[in-house]
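Everything numeric here is computed off the predicted structure, so don't read it as measured data.
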Amino acid sequence: MKLNDAVFGALLMLLGAAVLAAIQHYPKIPGQPVGPALFPGLIAAGLCVCGALLVATGLRQRAEQPWLTWDDWVHSPRHVLGLVVLVGSIVFYILASEPLGFLPTAAIVLLALLLVLRVRVPIAIAVAIVATLLVHFAFYKLLRVPLPWGVLKGVAW
């Protein structure tokens, strides 16, 4: 799918405006000319400027490029299934990670994604388990990110 540059430009301008609105409530640091809103504000202003440039380019090219064109993959059931499984796995993780826990949820998500990519079942199972354990180790032990335990709450690591 190819969107006209004006569409992405408008989205960037909306994002920049949202950030600019959000940083208005950041606290000021007494006695200093800069505060915590400076860098997010500069980035948001840059997003707005780049968005405006994209809108101008997109409007100029609109005669030769439509607002939306579909790629060939949209007509492929396999690729559409991959997109559905990807979006579904994100929704599944959001809904299931707390009650089920990170380890089972991530393993299920990885297994589903690998199977859609036509990885052989034994290899997909092995990769899903090993990758889940490695990601858990990296985030939980090394980076100290609190991941949900869910049904494995009583298991000590």
Between [Y] and [X], is there a side-chain heavy-atom distance shorter than 4.5 Å?
| X | Y | answer |
| --- | --- | --- |
| Asp5 | Val55 | no |
| Cys48 | Leu12 | no |
| Val135 | Tyr140 | no |

Exercise. Can you name the nearest heavy-atom pair linking Pro36 to Pro40, along with the distance?
Worked result: O-CD, 3.4 Å

Problem set entry | Which atom of Ala124 lies closest to which atom of Leu115, heavy atoms considered | CB-CD2, 4.0 Å

Indicate if [X] and [Y] have the same hydrophobic cluster label, given that clusters are the connected sets of ILVMFWY residues with side-chain heavy-atom separations under 4.5 angstrom.
| X | Y | result |
| --- | --- | --- |
| Leu11 | Val49 | no |
| Leu59 | Leu14 | no |
| Leu133 | Trp149 | yes |
| Leu147 | Val151 | yes |

Problem set entry | Residues that Leu143 engages under side-chain contact (heavy atoms from CB on, under 4.5 Å), provided they are two or more places apart | Phe139, Val145

Exercise. When Ile, Leu, Val, Met, Phe, Trp and Tyr are grouped by side-chain heavy atoms lying under 4.5 Å apart, directly or through other members, which residues fall in the same group as Val127?
Worked result: Leu114, Leu117, Val119, Ile123

Exercise. Linking Ile, Leu, Val, Met, Phe, Trp and Tyr through side-chain heavy atoms less than 4.5 Å apart, which residues share a cluster with Phe39?
Worked result: Val34, Leu38, Leu42

Problem set entry | Qualifying side-chain hydrogen bond (donor to acceptor under 3.5 Å, both in side chains) pairs with a residue from residues 19-28, counting only residues at least two apart or across chains | none

For this session: Could you tell me the separation between the CE atom of Met13 and the CG atom of Leu20, rounded to the nearest 0.5 Å?
Result: 11.5 Å

Mind listing the side-chain donor-acceptor pairs of residues 84-111 below 3.5 Å, one per line with the distance, residues two or more places apart or on another chain?
| unit_1 | atom_1 | unit_2 | atom_2 | d |
| --- | --- | --- | --- | --- |
| Ser89 | OG | Val85 | O | 3.2 |
| Ser89 | OG | Leu86 | O | 2.7 |
| Ser97 | OG | Tyr93 | O | 3.0 |
| Thr105 | OG1 | Ala96 | O | 3.4 |
| Thr105 | OG1 | Gly101 | O | 2.6 |

Please list every donor-acceptor pair under 3.5 Å in which a side-chain atom of residues 75-82 meets a protein atom from a residue at least two apart or in another chain.
| unit_1 | atom_1 | unit_2 | atom_2 | d |
| --- | --- | --- | --- | --- |
| Ser76 | OG | His79 | N | 3.4 |
| Ser76 | OG | His79 | ND1 | 2.8 |

For this session: Check for a donor-acceptor pair, side chain of Asn4 on one end and backbone N or O of Ala6 on the other, with a separation under 3.5 Å.
Result: yes

